[in-house]
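In this chain, residues are counted from 1 in sequence order.
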Amino acid sequence: MSIPAAHNLIANYIALDSEQRNIIVLRPYQIHAIQEIYKASLGKKIENGREVNVNPYSGFIWHTTGSGKTLTSYKVAHNLLKIPSIQKTVFLIDRNDLDTQTSQAFEIYAQNDSIDVESTENSYVLARKLVSPYKKVIVTTRQKMQALFKRISQDKEQKRLYRKLKDVKLAFIVDECHRAVSPDQKNEIDAFFVKNPPLWYGFTGTPIFAENAREAKGQNARTTEQQYGECLHKYTIKDAIRDKAVLGFQVEEEANGSSDEDDEKDTLARSKEYTSISHMKAVVKRVLENSYRKLGIYNKDKRGYTYDAIFTTGSIKQAQKYYRLFRDVINGTDPDIKIPNRIKKILPDFPKIAITYSIGENGDGDEANQKEMEQSLNEYNEMFHTHYSMAELASYNTNVNERLARKKDEFKPRSQQLDIVIVVDRLLTGFDAPCLSTLFIDRSPMPYKDLIQAFSRTNRIFDRDKKYGQIVTYQYPNKYKESIDAALALYTEGSNDQVMAPTWDESILQFKNAEKKIIKYNNHTGMSITDAPIEQQKLFLKEYQDFDKSLGAIKTYNEFNNIDLEEDYGLDPIFVEETRATYEVVKENIKSARGGEGPESNNDDQFDPDYELENVDHQEINYAYIVQLIQAYIPTVEEVDAHRTGAEVKEIDNYISNLAQNNKALADIMNDLWLQIKFDPQKFKNKQVSQLLQSMIDDARADIIEKFATEHGLNVDDLKFVIRHYNPEESDRQQTGLNSLLSFEVFKKYNASHPDINMLQWKKKVRLGLQDFYVNEIMPLDKEE
């Protein structure tokens with residue numbers, strides 16, 4: 001390597017891992033990817049063997065899972081700031097990934113770098129940082145970016161900021177680009193920055209090609225290339241295995257009681273077989289037996305450690321059953337299954353089991369899932385001497401991730417290790433654990449990209465003894481073989497086929513056909529569809545799902561702006577709301593008719609029992625509208641009871657649940673008031689919800705301010721004054737009233753009971769604590785946020 005090349009490598013293509021205290025030198029394929037994105041952002045392209053200048057263009061990087069995409073995307077964000085035309089690079093992630101290794105790794109790399117990485121507390125802070133004159137990388141969530149557009153466009157006081165924001169030239173970096181940003185969401189962001197279109201650079205290990213394209217939805221992208229642009233650099237599984245960057249896969253099919261006959265034969269019987277207790281107990285027994293080899297237990301004495309595994313099922317209910325079966329074996333209460341003696345001799349405490357899955361709050365089965373998880377938490381706390389509660393579920397999930405990954409020193413001793421974590425979909429993407437050797441699968445085959453993503457949890461290089469990422473399947477051996485062969489062929493060879501979206505004429509025709517079938521239910525005479533024979537109800541479900549899909553599709557076109565659903569098609573809001581409510585009732589009717597469970601039909605005309613409506617639009621409901629809905633629940637003097645529908649009640653419940661994801665403090669207050677009103681509406685007759693809510697917010701704010709003042713010996717009135725004028729974007733010197741708050745007289749009183757602290761220490765403590773207090777406790781109580 002020449003001296004200039006060595007200097008270039010050190011300057012631009014290393015990262016410092018502050019946690020592991022390592023210097024990471026990027027691999028050649030990572031460097032090539034960074035260079036290709038840099039060229040694209042400058043508008044440099046090779047045509048006919050010559051470099052030509054074109055407009056800057058977007059694209060995606062196809063680097064196989066486990067090849068270091070997060071580090072590559074980090075260095076891309078760093079290098080793009082060198083381009084004069086780009087004012088900010090935005091590392092965009094999904095809110096659900098905030099506690100994942102992706103965002104944690106980004107922070108670790110940035111600690112010892114010249115790059116300035118800024119997170120964002122809320123959408124207005126995000127807007128100010130986007131328009132600031134300083135070149136920085138901003139890490140934010142896609143949800144916050146979307147919320148920004150709605151809030152700032154509705155805020156009349158922010159018109160200047162709104163205009164400035166539209167002129168900002170951005171480059172978006174999206175790790176796990178399909179999970180983080182959907183075509184709908186990318187369209188929305190692009191529409192806002194239409195005056196100065198942003199550049200998009202997505203990273204994925206499993207691109208979507210023509211062979212596994214998304215279902216058609218209007219003009220939305222169906223493949224990765226349609227969504228992000230051309231593939232700028234490719235590094236496939238085959239390339240990575242060749243370069244020994246990752247391991248290959250070893251797959252074994254161990255379907256209990258199966259033969260090599262066609263899996264399609266007697267689908268109902270096969271489905272019942274795979275959900276039976278006898279099958280599940282046989283799987284538990286095989287997992288325990290397999291672990292001796294798969295987890296390297298046989299070799300522990302040589303290495304001093306074992307590997308760990310993920311066990312994935314097709315549903316939360318099944319995951320819970322498996323967890324209980326494993327616990328019965330561990331506790332010695334299962335008369336049929338024992339832990340193999342050859343394992344007990346080496347690991348007397350094997351297996352250490354945990355379970356993790358997503359839990360809702362107001363849906364069907366959520367209460368039962370919460371009780372199951374609470375029991376699992378108690379057993380986890382007992383096993384590792386932790387103290388997690390249901391209120392700390394996110395922290396528990398993070399702890400499970402870190403304990404399974406074993407990257408931190410505290411999780412390397414055997415006493416702190418997990419052996420197997422039971423999941424449904426969690427940890428199957430974006431989770432990096434080199435010590436994880438095996439994926440046990442007891443579910444039907446997943447789509448190709450999900451299959452490869454799940455498999456790739458196992459193939460990180462760890463030590464000499466870990467030769468392969470090991471996969472063991474316990475269902476549908478023939479189907480799995482076909483799916484695995486097809487998936488590997490797709491993601492080792494790639495595809496350049498184009499899949500074009502339907503035209504507006506095609507989409508509107510499909511909508512018209514679907515609308516004609518659904519509008520016939522706009523008839524308030526005769527028998528209701530909810531009382532019709534079950535086959536007619538199934539037909540209604542199928543027709544409504546087709547209608548909902550086609551409506552969602554036409555909304556992606558500009559031509560939809562010229563459509564009036566009520567005038568042109570008779571779809572008035574009342575009919576739409578009533579039909580949607582009918583849809584939910586019919587779904588429950590059919591579910592009850594099936595006994596709550598049952599196999600799905602392979603008939604193409606059958607409705608999809610797992611389909612989720614696309615056009616509910618909960619995310620567009622604003623604060624004022626929800627207050628209106630709650631107000632409608634309260635009776636006035638003139639009426640005995642208020643007029644309300646079940647749909648409105650559900651709408652309020654869903655809004656509060658969604659609000660809790662971003663603003664738990666405000667959601668808790670709103671939910672408290674809502675529960676009181678639902679319990680006794682008459683008690684609130686003629687009262688104003690907005691005033692009641694504001695009073696509760698004011699009380700909560702006063703309580704936390706008084707608590708902060710007491711802890712730091714501050715005057716409450718002075719603190720209220722500072723809080724009222726506080727701006728987290730300004731320095732301490734610019735904060736109004738801060739000098740009076742931190743006067744010598746105030747300190748003397750505090751020092752009388754705290755003699756071990758001097759005035760400088762006290763001031764520093766208050767200043768640092770005040771900013772954190774304002775951002776994390778005061779700002780969430782601002783209903784506009």
Side-chain angles (χ1 to χ4, degrees), residues 66 241 244 246-256 280-313 322-323 325-332 334 336-355 383-384 400 402-409 411-423 427 431-442 454-474 477 480 484:
I241 292 173
K244 298 182 181 179
V246 297
L247 303 172
F249 299 114
Q250 184 185 75
V251 182
E252 297 179 38
E253 294 91 7
E254 295 192 4
N256 181 52
M280 294 175 71
K281 292 186 74 166
V283 169
V284 169
K285 185 176 181 180
R286 290 298 297 149
V287 166
L288 293 174
E289 291 171 351
N290 285 332
S291 293
Y292 182 72
R293 289 276 172 195
K294 299 296 181 188
L295 304 192
I297 297 173
Y298 72 98
N299 223 2
K300 178 184 181 298
D301 289 341
K302 184 184 88 172
R303 292 188 313 268
Y305 54 83
T306 61
Y307 308 126
D308 51 27
I310 291 175
F311 183 101
T312 178
T313 71
Y322 266 118
Y323 178 79
L325 286 173
F326 275 109
R327 294 303 305 176
D328 289 343
V329 174
I330 292 168
N331 295 330
D334 190 316
D336 304 318
I337 308 175
K338 304 296 179 186
I339 299 168
N341 283 330
R342 61 181 182 175
I343 292 180
K344 291 182 70 174
K345 289 178 182 177
I346 301 172
L347 292 179
D349 57 355
F350 183 86
K352 293 183 179 180
I353 303 285
I355 185 171
M383 183 164 45
F384 294 115
V400 169
E402 293 177 342
R403 200 177 294 277
L404 190 64
R406 301 182 193 171
K407 291 184 177 181
K408 294 184 176 181
D409 290 341
F411 299 121
K412 290 179 180 177
R414 172 61 194 170
S415 62
Q416 298 301 315
Q417 291 178 358
L418 277 167
D419 296 310
I420 302 173
V421 175
I422 302 171
V423 306
L427 303 181
F431 178 67
D432 177 48
C435 62
L436 193 147
S437 68
T438 309
L439 178 68
F440 298 110
I441 307 178
D442 190 46
F455 280 22
S456 298
R457 299 313 102 206
T458 66
N459 72 333
R460 305 298 201 270
I461 291 174
F462 186 55
D463 60 16
R464 291 184 178 180
D465 295 322
K466 185 181 176 185
K467 306 294 185 183
Y468 303 98
Q470 300 170 116
I471 316 297
V472 185
T473 67
Y474 297 102
Y480 260 105
I484 292 167

Is there a side-chain contact between [X] and [Y], using heavy atoms and a 4.5 Å cut-off?
X: Q417; Y: D308; result: no
X: I484; Y: F249; result: no
X: V283; Y: F440; result: no
X: I310; Y: I420; result: no
X: L418; Y: F384; result: yes
X: L295; Y: F350; result: yes
X: L436; Y: R460; result: no
X: Y480; Y: I471; result: no

Partner residues of [X] under the side-chain hydrogen bond (donor to acceptor under 3.5 Å, both in side chains) criterion, sequence neighbours left out:
X: T458; value: none
X: R414; value: D349, D419
X: Y305; value: D463
X: R403; value: Y380, N399, Q416

Taken in chain and number order and not counting sequence neighbours, the residues that satisfy side chain to side chain contact (heavy atoms under 4.5 Å, CB included) with K467 are none

Restricting to non-hydrogen atoms, name the atom on [X] and the atom on [Y] that form the minimum distance, rounded to 0.1 Å.
X: K244; Y: I461; value: O-CD1, 2.7 Å
X: K466; Y: A433; value: NZ-O, 4.5 Å
X: Y322; Y: I422; value: C-CD1, 4.1 Å
X: S437; Y: Y307; value: OG-CB, 3.4 Å
X: A405; Y: C435; value: O-SG, 3.3 Å

Does the [X] side chain pair with the main chain of [Y], one donor and one acceptor, at a distance under 3.5 Å?
X: K294; Y: V287; result: no
X: Q250; Y: G469; result: no
X: K352; Y: S415; result: yes

| said: Given the ring of Y298, does R293 sit roughly above its face, with NZ or CZ under 6.0 Å from the centre of the six-membered ring and within 45° of the axis? | reply: yes

Q) Given the rule in the side-chain contact (heavy atoms from CB on, under 4.5 Å) test, do T312 and D442 qualify, once you have shown the distances and angles that lead to the verdict? A) CA-CA 6 Å; T312 178; D442 190 46; over 6 Å; no

K407 with D432: basic N within carboxylate O range, under 4.0 Å: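 The answer is yes: the pair qualifies as a salt bridge.
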
Q) For the residue pair F311 and F326, does the interplanar ring angle fall in the parallel (under 30°), tilted (30 to 60°) or perpendicular (over 60°) class? A)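 Taking F326 first and then F311, their aromatic rings stand perpendicular (interplane angle over 60°).
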
Rounded to the nearest 0.5 Å, how far apart are [atom1] of [X] and [atom2] of [Y]?
X: E252; Y: N290; atom1: CD; atom2: CG; value: 6.5 Å
X: I337; Y: L288; atom1: CD1; atom2: CG; value: 7.0 Å
X: I339; Y: K345; atom1: CD1; atom2: NZ; value: 14.5 Å
X: M280; Y: L325; atom1: CE; atom2: CG; value: 5.5 Å
X: F455; Y: I441; atom1: CZ; atom2: CD1; value: 4.5 Å

Next item on the list: Kindly write out the residues that satisfy salt bridge (charged side-chain N to carboxylate O under 4.0 Å, His left out) with D328, not counting sequence neighbours, or none if the list is empty.
Entry: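 Counting only residues at least two positions away or on another chain, D328 forms no salt bridge (charged side-chain N to carboxylate O under 4.0 Å, His left out).
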
* Residue K285 excluded, over 12 heavy atoms near NZ under 6.0 Å -> no

Does atom NZ (K338) have a neighbourhood of more than 12 heavy atoms from anything else shown, all under 6.0 Å? yes

